[in-house]
Amino acid sequence: MKQLTLVCLSETHSKFVDVQHGDVLIHCGDFTNWGHEQEIKDFISWLKAQPHKHKIVVPGNHDITLDTQKYPVLKKKFHRYSNFNPEQLVQELKECCHLLINSSVTIEGFKFWGSPYTQEFCDWAFQIEGSSQQFWDQIEEGSDVVITHGPPYFYGDKLSNGQRVGDKYLIEKVKKIKPKLHVFGGIHESYGQYDEDGGYGVDAIKFINCSIMDEKFKIQNKPFLYELKKDL
Ligand SMILES: [Mn+2]
């Protein structure tokens with residue numbers, strides 16, 4: 001039996017918190033408010049100071065500098081008066097974590113697949129153009145953990161008015177892939193862990209929304225711990 005303790009958090013928006021110890025630290029995005037150079041540098045310093053052996057980062061829609069493809073457009077909107085090299089910052093970040101952008105990493109026999117992309121209404125970073133149906137076909141078979149910035153439909157995706165905003169194609173695909181864990185943030189007010197509806201026993205997927213900030217951007221929640229196990 002192989003086991004890893006995962007420490008999962010999201011939505012820190014340039015605030016820094018103490019996190020529990022574990023083997024793999026996972027941040028599901030929105031570690032900044034505006035993707036400013038200093039915000040990213042502060043996050044890198046924080047990340048470097050964490051003792052976890054492995055670190056995985058999936059950016060969020062606020063971390064605009066990490067969306068290097070769209071950055072020239074986003075710069076005009078958000079960073080008119082700053083001048084820095086986004087590629088260099090991304091490189092610095094990659095040197096202290098596994099940065100997953102529609103890609104995977106295998107750690108001690110466990111496969112983690114991550115994506116920052118979401119379907120959203122405001123024009124931020126990492127947005128899926130059009131339907132997400134084909135988009136989620138990129139999730140790799142055999143993933144033990146799926147990490148996305150936004151929630152799938154029905155799990156941890158409720159706004160305070162009760163409206164569910166999770167991605168319907170994402171949940172469809174995740175249920176086919178059958179990871180042990182799907183962890184995400186995105187919707188601050190839906191922090192919590194959820195068991196797969198209609199799932200059975202040990203094969204049921206666990207869904208965790210690990211947003212540590214509430215909808216008023218106040219830190220209210222603790223990072224989640226999850227024991228990832230498998231017979232190897
Ligand atoms: Mn957020």
Side-chain angles (χ1 to χ4, degrees), residues 1-12 19-31 43 46-60 66 93-118 126 135-152 155-156 166-167 170-186 191-197 199-212 222-232:
M1 174 79 81
K2 188 91 194 152
Q3 187 166 344
L4 285 178
T5 302
L6 313 184
V7 186
C8 312
L9 80 168
S10 193
E11 317 311 309
T12 46
V19 299
Q20 304 94 316
H21 194 55
D23 302 302
V24 190
L25 179 62
I26 300 176
H27 198 301
C28 310
D30 281 4
F31 46 87
F43 178 70
W46 176 83
L47 201 56
K48 280 185 178 163
Q50 303 311 309
H52 308 73
K53 196 166 154 199
H54 309 281
K55 296 160 190 176
I56 298 176
V57 174
V58 167
L66 284 286
L93 181 58
K94 276 183 179 167
E95 279 160 22
C96 63
C97 69
H98 300 283
L99 182 66
L100 299 186
I101 298 180
N102 307 331
S103 59
S104 70
V105 62
T106 298
I107 294 172
E108 298 186 25
F110 294 96
K111 189 182 211 176
F112 298 78
W113 186 90
S115 175
Y117 281 81
T118 51
F126 301 112
F135 187 87
W136 297 118
D137 284 343
Q138 297 176 76
I139 302 179
E140 293 171 26
E141 298 283 337
S143 296
D144 295 294
V145 179
V146 170
I147 308 161
T148 53
H149 178 59
Y155 301 98
D167 189 314
L170 175 57
I171 189 62
E172 227 173 72
K173 188 67 188 179
V174 165
K175 285 192 173 181
K176 277 185 198 141
I177 298 282
K178 291 193 175 301
K180 292 172 178 63
L181 171 70
H182 181 188
V183 64
F184 47 87
Y191 173 86
Q193 54 174 321
Y194 310 84
D195 287 306
E196 182 182 2
D197 193 47
Y200 300 98
V202 288
D203 293 330
I205 305 164
K206 179 74 86 181
F207 295 91
I208 296 180
N209 178 328
C210 59
S211 302
I212 65 156
K222 269 192 150 182
F224 262 105
L225 289 182
Y226 178 85
E227 296 296 333
L228 181 62
K229 296 175 194 169
K230 147 157 113 175
D231 289 314
L232 288 174

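To the nearest 0.5 angstrom, Leu225 atom CG is 7.0 Å from Thr5 atom OG1. Put simply, CG on Leu25 and CD on Gln20 are 9.5 Å apart, with the number rounded to the nearest 0.5 Å. Taking CG of Leu4 as the reference point, atom NZ of Lys2 lies at 6.5 Å (rounded to 0.5 Å). Going from atom CD of Glu11 over to atom SG of Cys28 covers 8.0 Å, rounded to the nearest 0.5 Å. Distance check: Cys8 SG to Phe224 CZ gives 9.0 Å after rounding to the nearest 0.5 Å. Separating the CD1 atom in Ile26 from the SG atom in Cys97 is a distance of 12.0 Å, to the nearest 0.5 Å.
Scanning all heavy atoms of the two residues, the minimum distance from Leu66 to Ile101 falls at O-CD1, 4.3 Å. Minimum heavy-atom separation, Pro116 to Pro59: CB-O, 3.1 Å. Nearest heavy atom pair, residue Phe184 against residue Pro152, reads CE2-CD, 3.4 Å. Looking at every heavy atom in both residues, Gly185 comes nearest to Pro151 through O-CD, 3.7 Å. Residue Gly150 comes nearest to Leu170 through the heavy atom pair O-CD2, 4.1 Å, listed as atom of the first residue, atom of the second, then distance. Residues Trp113 and Ile139 share a closest heavy-atom pair of CZ3-CG1, 3.5 Å.
Legend: residues meeting salt bridge (Lys or Arg N to Asp or Glu O under 4.0 Å) with Lys111, ordered by chain and number and at least two apart, are Glu140. By the ring-ring contact (aromatic ring centres under 6.0 Å, His included) test, His54 pairs with no residue at all, sequence neighbours left out.
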Assess whether side-chain contact (heavy atoms from CB on, under 4.5 Å) is satisfied between Phe31 and Val57, documenting all intermediate values.
-> CA-CA 9 Å; Phe31 46 87; Val57 174; 3.6 Å; yes

With side-chain contact (heavy atoms from CB on, under 4.5 Å) as the test, would you mind laying out the steps for Ile107 and Phe112 before giving the verdict?
-> CA-CA 8 Å; Ile107 294 172; Phe112 298 78; 3.9 Å; yes

After noting the C-alpha distance and the side-chain angles of Trp136 and Asp167, does the key distance pass the side-chain hydrogen bond (donor to acceptor under 3.5 Å, both in side chains) rule?
-> CA-CA 10 Å; Trp136 297 118; Asp167 189 314; 3.1 Å; yes

Residues Ile208, Tyr226; criterion side-chain contact (heavy atoms from CB on, under 4.5 Å); working and verdict | CA-CA 9 Å; Ile208 296 180; Tyr226 178 85; 4.3 Å; yes

CA sep, side-chain torsions, deciding dist, call: Ile56, Val105, side-chain contact (heavy atoms from CB on, under 4.5 Å) | CA-CA 9 Å; Ile56 298 176; Val105 62; 4.1 Å; yes

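In summary, of the residues considered (Glu108, Lys230, Lys229, Glu227), a side-chain hydrogen bond (donor to acceptor under 3.5 Å, both in side chains) with Gln3 occurs for Glu227 alone. The residue from Val7, Val24, Leu6 that alone fulfils the side-chain contact (heavy atoms from CB on, under 4.5 Å) condition with His52 is Val7.
When atom types are taken as modelled, the side chain of His149 and the backbone of Tyr117 share no donor-acceptor pair closer than 3.5 angstrom. Judged purely by atom type and a 3.5 angstrom limit, Ser143 has no side-chain atom pairing as donor or acceptor with the backbone of Glu141. A donor-acceptor contact shorter than 3.5 Å is absent between the side chain of Gln50 and the backbone of Leu47. Using a distance-only test at 3.5 Å, with no hydrogens or angles considered, no donor-acceptor pair links the side chain of Glu196 to the main chain of Lys206. Asn209 places a side-chain N or O within donor-acceptor distance of the main-chain N or O of Ser211, the cut-off being under 3.5 Å.
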Using distance only, find each side-chain donor-acceptor pair of residues 173-183 under 3.5 Å and give its atom names and separation, not counting sequence neighbours.
| unit_1 | atom_1 | unit_2 | atom_2 | d |
| --- | --- | --- | --- | --- |
| Lys175 | NZ | Tyr155 | OH | 3.4 |
| Lys180 | NZ | Asp144 | OD1 | 3.2 |
| His182 | NE2 | Thr148 | OG1 | 2.8 |

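Between Phe126 and Ser115, every side-chain heavy-atom pair lies at or beyond the 4.5 Å cut-off.
When the shell of 6.0 Å around NZ of Lys222 is examined, it contains 12 or fewer heavy atoms from other residues, nucleotides or ligands.
If you check the side chains of Thr12 and His27, you find a donor sitting under 3.5 Å from an acceptor.
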